[in-house]
Amino acid sequence: MSTPLPNDPAEAIRRIVADIEPGLIEIRRDIHAHPELGFEEVRTSGVVARELEQLGIPHTRGIGKTGVVGLIEGGRPGPVLAIRADMDALPILEKTGLPFASTVEGKMHACGHDIHTTTLLGVATVLKRLAPSLAGTVKLVFQPAEEGIGGMAAMIADGVMDNPKIDLALGFHNQPGMAAGTFGFVRGPVLAASDRFEIVVRGKSGHAAYPHTVVDPIVAAAHLVTQLQTVVSREVDPMHPAVVTVGMLAGGTTHNIVPDSCVVKGTVRTLHKRARDIAQSAIERLCAGLDASMRTKCEVVYRRGVPALVNDDKMLDPTVAAVRAQFGDDAITQRQPQMGGEDFALMADLVPGFQLWVGSSQPGRRDALHNSAYQPDERCIGFGVQALSRAALEILA
Ligand code: NI
């Protein structure tokens, strides 16, 4: 690490990454072999803390239970840029057959968060070395529990946005639909707000042979499922993508009893706040209408989950320019938004944020996230480190 670096930032970053890449791949395989679920990332956060310690990067553990936050001060004053990676695994039985496959039965890094954690450690190494040329501070955010269990919310509750106050946020996700060495971006909303509803349709139970003596919640719930199909098709602006899916319909015990109630559960995905508000109020109104028309009493619980992740041009433009400067104009392409959710959205809701998509597919493989055989191309770690480090350099120029 003592040889002087070239002045060209692309070459300087490339050289550092070439040095550290084998070590990063070792770290990734170690994390991959020892997956931990949300808020249980004790070993993983220990690996992160150990590496930051070795780099001489001050850090704090226990932010959001198992989260870790590191700080790299630049040579000149400027804004605080957060770069965020998630660390948790999934409850999936791994079927890759790799020599470094999960050693914990029923748990697997099938969303590539092992790749993310390792990539951010690589970024930490590069930016620590290039710190004198940064105008501002980089906050390294290693987040627990991304998979729907509130890791980002916990970190925000523990003050991750403050001290020093985050001004800008950069996130990233590996994408097995894109080749390693390529990158993607989406302008505006990129991932959906993810809400859930639980409706108990209450009627009046009785003998199935005497329908005039009961209030049938099953017939009512069946009507409701059909009516819910009109929320997207008849109420939301067709230019605003939205999904309303009923995932559970449960009621009754046998053929000759009308039950007291029937449960309808589902999810709502939207990319725009207006569509989200319309969907919620429409669901509540249809339930009230059901009560009026079919004599039921619906109890509606609508829970808002993460908001839509909206990429801010203020972060998108310099990041895309940085990727092009590092890899050439063709390395990054515009992609379609997706209806999945991601809790980096909570941070990007507070400050201008952007999520870079890092291609991770191996030549000849057609992998998917959350799949038990997912095998990302490990070269995506080095490529991701280069892209994110260059982006930080451009944003804190
Ligand atoms: Ni993920």
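Numbering of ligands and ligand atoms starts at 1, following listing order.
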H116 meets the side-chain hydrogen bond (donor to acceptor under 3.5 Å, both in side chains) criterion, sequence neighbours left out, with D86, N174
Those residues at least two apart in sequence (or on a different chain) that pass side-chain hydrogen bond (donor to acceptor under 3.5 Å, both in side chains) with T333 are none
- [ ] Step through it carefully: locate the ring centre of H34, locate the ring centre of H109, and say whether they are under 6.0 Å apart.
- [x] no
Near the Ni ion (ligand 1) (protein N/O/S, cut-off 2.8 Å, waters excluded) we have C111 SG, H113 NE2, H173 NE2
NZ (K107) with more than 12 external heavy atoms under 6.0 Å: yes
Which atom pairs, donor and acceptor, lie under 3.5 Å between side-chain atoms of residues 176-193 and protein residues at least two apart or in another chain?
unit_1 : atom_1 : unit_2 : atom_2 : d
T182   : OG1    : A179   : O      : 2.6
R187   : NH1    : D313   : OD1    : 2.9
R187   : NH1    : D317   : OD1    : 3.2
R187   : NH2    : D317   : OD1    : 3.1

**OP:** Measure the shortest side-chain to side-chain distance between S102 and P35 over non-hydrogen atoms and say whether it is less than 4.5 angstrom.
**Re:** yes
